[in-house]
Structure formats: C-alpha cells, structure tokens
Amino acid sequence: MAASGVKRPPRSAPASSGGMVRKLILALAVFLPALLYQQLQPPPPKICGSLGGPPVTGTRTRLKDGRHLAYLESGVPKDQAKYKIIFVHGFDSCRYDALPISPELAQELGIYQLSFDRPGYAESDPNPASTEKSIALDIEELADNLQLGPKFYLMGFSMGGEIMWSCLKHISHRLAGVAILGPVGNYWWSGLPSNVSWHVWNQQLPQDKWAVWVSHHLPWLTYWWNSQKLFPASSVIAYNPALFSEGDKLLMSKFAFRTYMIRQQGEYGCLHRDMTVGFGKWSWSPLELEDPFATGEGKVHLWHGAEDLIVPVSLSRYLSEKLTWVIYHELPKSGHMFPLADGMADTIRQNGSRGSRVVVGDIRLVT
C-alpha cells in the first residue's frame, strides 16, 4: 500500500512513452532521407570571377547563354593562317594542354591553333545542362566569336577525341578536317556488337567498371561515388599507375607536374560531368555517321596507341573498320599519351593531308 499522501504514477505513462518513440521514428524517417539526399548532392560550383570564386586570369569569350569560355591562341596570326585548328582537350585537362606546335612548322604551313577550357574546367563556366550535342555547339559559337571563318579544322584528344564524333554529327558543315586522338568510347553506343563492347569493357580495372556503370545507369550518384571513401572510385581520376603503359610512364612527366589550376571550380562540373555525358545514354551512335567529306574536301584521321591501357584500342579498330572513310593510324608501341612524344604533334598535323592505309594483320600503321 502506498504511503499516505503519495500519488501513484498515472497508468497512461507507458502509452505516453510509446507516443514519443513513434514521433522519434517518424522524425528519423524524414531526417535520414534528407541527410542522404544532401550527401548525394555535389556542392555548388565556385564560378571563376564570382564573389568568393577563383580569379579570372586568362582571355575569355561570352556565349549567347551567358557562359564564358577561356581560350588560348598560338601559332601564326589567324589572319595569316592557312590552317585554323581548334584543339579540344581531354579528361582533367585545360587549354594549356593543347598539343605543342613547333614555331617552325607553324610558320611553314601557316597554322593557327585555338585551344579552350571545356565547360567547368579551369576558367570556363560550368554548363549544368551539358550534353554530347551542347559541346559541339559551344565549339561552333567559339569559332564564330573568334572569327575563324566558315570552316575550320578540329583536333581532339582522349575525352576530347570522343567529342569529335559529336562535332561530325552536329556541325560537320563547319569542318575542314578532323583528327581524333586516342578517343574515349561509350560501351552502350548502338550498333556495337556485344563481343566488341564486352571485350573493351573487360579490359578496365574493376573499380573503373563500377565508376563507368554508375555514370551511365545512375548519373545522379556519380558525384557521391567518386568522392566517398568506402571503396575505390575511378582510378582515372586518381591517376592510378596501373593505367599507364611503359611508354606512358616515360611521358607522364610532361603531364603530371602542371602548375596551373584545372579543378578549382569543383570536380562535379568538369570530371563528373564529363563521365555522365561521355558514358551517358546517347540517342545516336558514331556508327550511324556518314562521310562528311564525301566530295573530297576534307578528311577524318583517327590515331590510337596499341598499348593504351586507359582507353583500349579495340573500339577504335572496330569504328575504323565500319567507317571506311576514317583514315586509321595505329601506333604499335605507344600508349594513351602518345601525342606528347617528342615530335608527335607535328607528325600528326603533317599527316593531315595523307590518306593511304597500310594493313599488317590486324595492325594499321602510320603511312
């Protein structure tokens, strides 16, 4: 019996505690998804020239939609040039990574070269609505802003090489010739036989298979996948030494110790956007392209190193076999970085007007 004057606790107390538990569960059900969503979202880009953003140090041009592209000119003055070339850089690169052109060759052939930071890289504004088509239209507008005339030449390396297919699709009427160097490929392009795509797919490191698969199937997860620490993400972003052939290792000193900034606006707007577009769901395939220079006024050259461990050569071989108008050059002893080899940049430019093929078994050599 309770002591006189002492009240018993109300019998409703357990029920009251149960109500608190239900409220807690409900709060967690709302809070945890919100927290997860926040973790999956990339941080906003630090736009160059904006308040608190990185400074603008280079020359830029403004596009119709308000974005800016930073660019760099080299070679002879464009009003004296016989060949006006726009160079499109690869993954994790910028305008300063254009293939060097020797002053002697520039003067001899009359070469003017324009390189630029692709959207989100270095000092070019990110494009949150970028697609495989938008970059081709950016290049066309860049050429118009710089007054390159009705036609110009294009050269693209690695991820920039993949962009050459988009330019051949969307702005072929503006092109005088195209050089495609070690191009990245999309394993889901229509028309690719499964044995070809699977062969190339299985030449990747396991972690890169996952990173590319996420970029294609779950693009909204790409930022988190490549920034989390639970398991290995893209080895290309991390510059895994296992990706470099013996030839590449000798050339990496020209590429690895760069002093200029490339990712300062945030990795999502450049690296991750590159992956979601390059490996994304295209509505068309390069295998559907027809010869843009059927009347003989230009040529398309495709170069690839046979020992490329970053972008396996098999896909370029297949594309060149099916697109018979593509002039294919395979370098038997070279890896992905072959354009950086001494004298190679000039060799590529000089071979732009040469079109014969030499076939030795399955290997096509420079002619």
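We count residues from 1, following the sequence as given.
- For the salt bridge (charged side-chain N to carboxylate O under 4.0 Å, His left out) test with D138, the passing option among R118, R67, K133 is R67; the others fail.
- Taking 4.5 Å as the limit, every side-chain heavy atom of M155 sits out of range of all side-chain heavy atoms of V178.
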### Task
Given side chain to side chain contact (heavy atoms under 4.5 Å, CB included), test H199 with Q203 step by step and report yes or no.
CA-CA 7 Å; H199 175 69; Q203 290 181 277; 3.6 Å; yes

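- With a 6.0 Å radius and a threshold of 12 heavy atoms from other residues, nucleotides or ligands, K151 has its NZ atom above the threshold.
- Looking only at side-chain heavy atoms (C-beta outward), I327 and H329 come within less than 4.5 Å of each other.
- Of the possible polar contacts, none joining the N226 side chain to the Y223 backbone as a donor-acceptor pair under 3.5 Å is found.
- With Q265 contributing its side chain and D125 its backbone, the two residues share no donor-acceptor pair below 3.5 Å.
- For H304 and D308, the side-chain atoms include at least one donor-acceptor pair closer than 3.5 Å.
- When atom types are taken as modelled, the side chain of S197 and the backbone of L192 share no donor-acceptor pair closer than 3.5 angstrom.
- Between Q107 and V76, some side-chain heavy-atom pair lies under the 4.5 Å cut-off.
- The number of heavy atoms from other shown groups lying within 6.0 Å of CG (L230) is above 12.
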### Message
Run the side chain to side chain contact (heavy atoms under 4.5 Å, CB included) test on Y260 and C94 for me, step by step, so that the C-alpha distance in whole Å, both residues' side-chain angles and the decisive distance to 0.1 Å come before the verdict.
### Response
CA-CA 9 Å; Y260 40 86; C94 70; 3.4 Å; yes

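- With S285 contributing its side chain and L287 its backbone, the two residues share a donor-acceptor pair below 3.5 Å.
- By the neighbour-count criterion of 12 heavy atoms within 6.0 Å, atom CG of N202 is densely surrounded, having more than that number from other residues, nucleotides or ligands.
- Between L63 and L69 there is a side-chain heavy-atom pair separated by less than 4.5 Å.
- In summary, the side chains of E141 and T61 do not present any donor paired with an acceptor at a separation below 3.5 Å, with no hydrogens or angles considered.
- Counting only residues at least two apart or on different chains, the ring pair (Phe, Tyr, Trp, His ring centres under 6.0 Å) pairs with a member in residues 120-161 are Y83-Y153, H89-Y121, F157-H336.
- Judged by distance alone, the side chains of E73 and Y112 do bring a donor and an acceptor atom under 3.5 Å apart.
- In plain terms, the two heavy atoms of I86 and A143 that are nearest each other are CD1-CB, 4.0 Å.
- If you look at F279 and W189, their ring centroids are not closer than 6.0 Å.
- Residue pairs meeting the salt bridge (charged side-chain N to carboxylate O under 4.0 Å, His left out) criterion with at least one member in residues 160-176, sequence neighbours excluded, are E140-R174, D144-R174.
- The backbone N or O of S74 sits nowhere less than 3.5 Å from a side-chain atom of Q113 that would complete a donor-acceptor pair.
- Within the 3.5 Å criterion, the main-chain N or O of S234 finds no donor-acceptor partner in the side chain of D208.
- Taking the six-membered ring for Trp and the full ring otherwise, W201 and W188 have centroids separated by under 6.0 Å.
- With hydrophobic clusters built from ILVMFWY side chains whose heavy atoms lie under 4.5 angstrom apart, L309 does not share a cluster with F244.
- The aromatic rings of W284 and W282 sit tilted, their planes meeting at an angle between 30° and 60°.
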### Task
Might you work through the salt bridge (Lys or Arg N to Asp or Glu O under 4.0 Å) test for D117 and R60, ending with a clear yes or no?
CA-CA 10 Å; D117 297 334; R60 305 202 302 177; over 6 Å; no

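- Residues F293 and V300 are in side-chain contact: their nearest non-hydrogen atoms beyond the backbone lie under 4.5 Å apart.
- Under a 3.5 Å cut-off, the side chain of E246 and the backbone N or O of E307 do not form any donor-acceptor pair.
- Here the side chains of F91 and I237 are in contact, with some heavy-atom distance below 4.5 Å.
- Minimum interatomic distance between G278 and M159 (heavy atoms only, all atoms of both residues): CA-SD, 4.4 Å.
- Donor-acceptor pairing under 3.5 Å is recorded for the side chains of T57 and E123.
- In the model, Y239 has a side-chain atom that pairs as donor or acceptor with a side-chain atom of D92 under 3.5 Å.
- Inter-residue side-chain proximity for S235 and L243 is flagged as met; some heavy-atom pair is nearer than 4.5 Å.
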### Query
Between Y187 and Q204, does a side-chain hydrogen bond (donor to acceptor under 3.5 Å, both in side chains) hold up when you go through it step by step?
CA-CA 12 Å; Y187 305 97; Q204 300 179 98; 3.3 Å; yes

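- The environment of W198 atom CH2 is sparse: at most 12 non-hydrogen atoms of other residues, nucleotides or ligands sit within 6.0 angstrom.
- A 6.0 Å sphere centred on NZ of K322 holds no more than 12 heavy atoms belonging to other residues, nucleotides or ligands.
- Side-chain contact between F87 and L154 is absent, with no heavy atoms from C-beta onward closer than 4.5 Å.
- Expressed to the nearest 0.5 Å, how far OG of S320 lies from CG of L302 amounts to 6.0 Å.
- Looking at every heavy atom in both residues, S124 comes nearest to A70 through OG-N, 2.8 Å.
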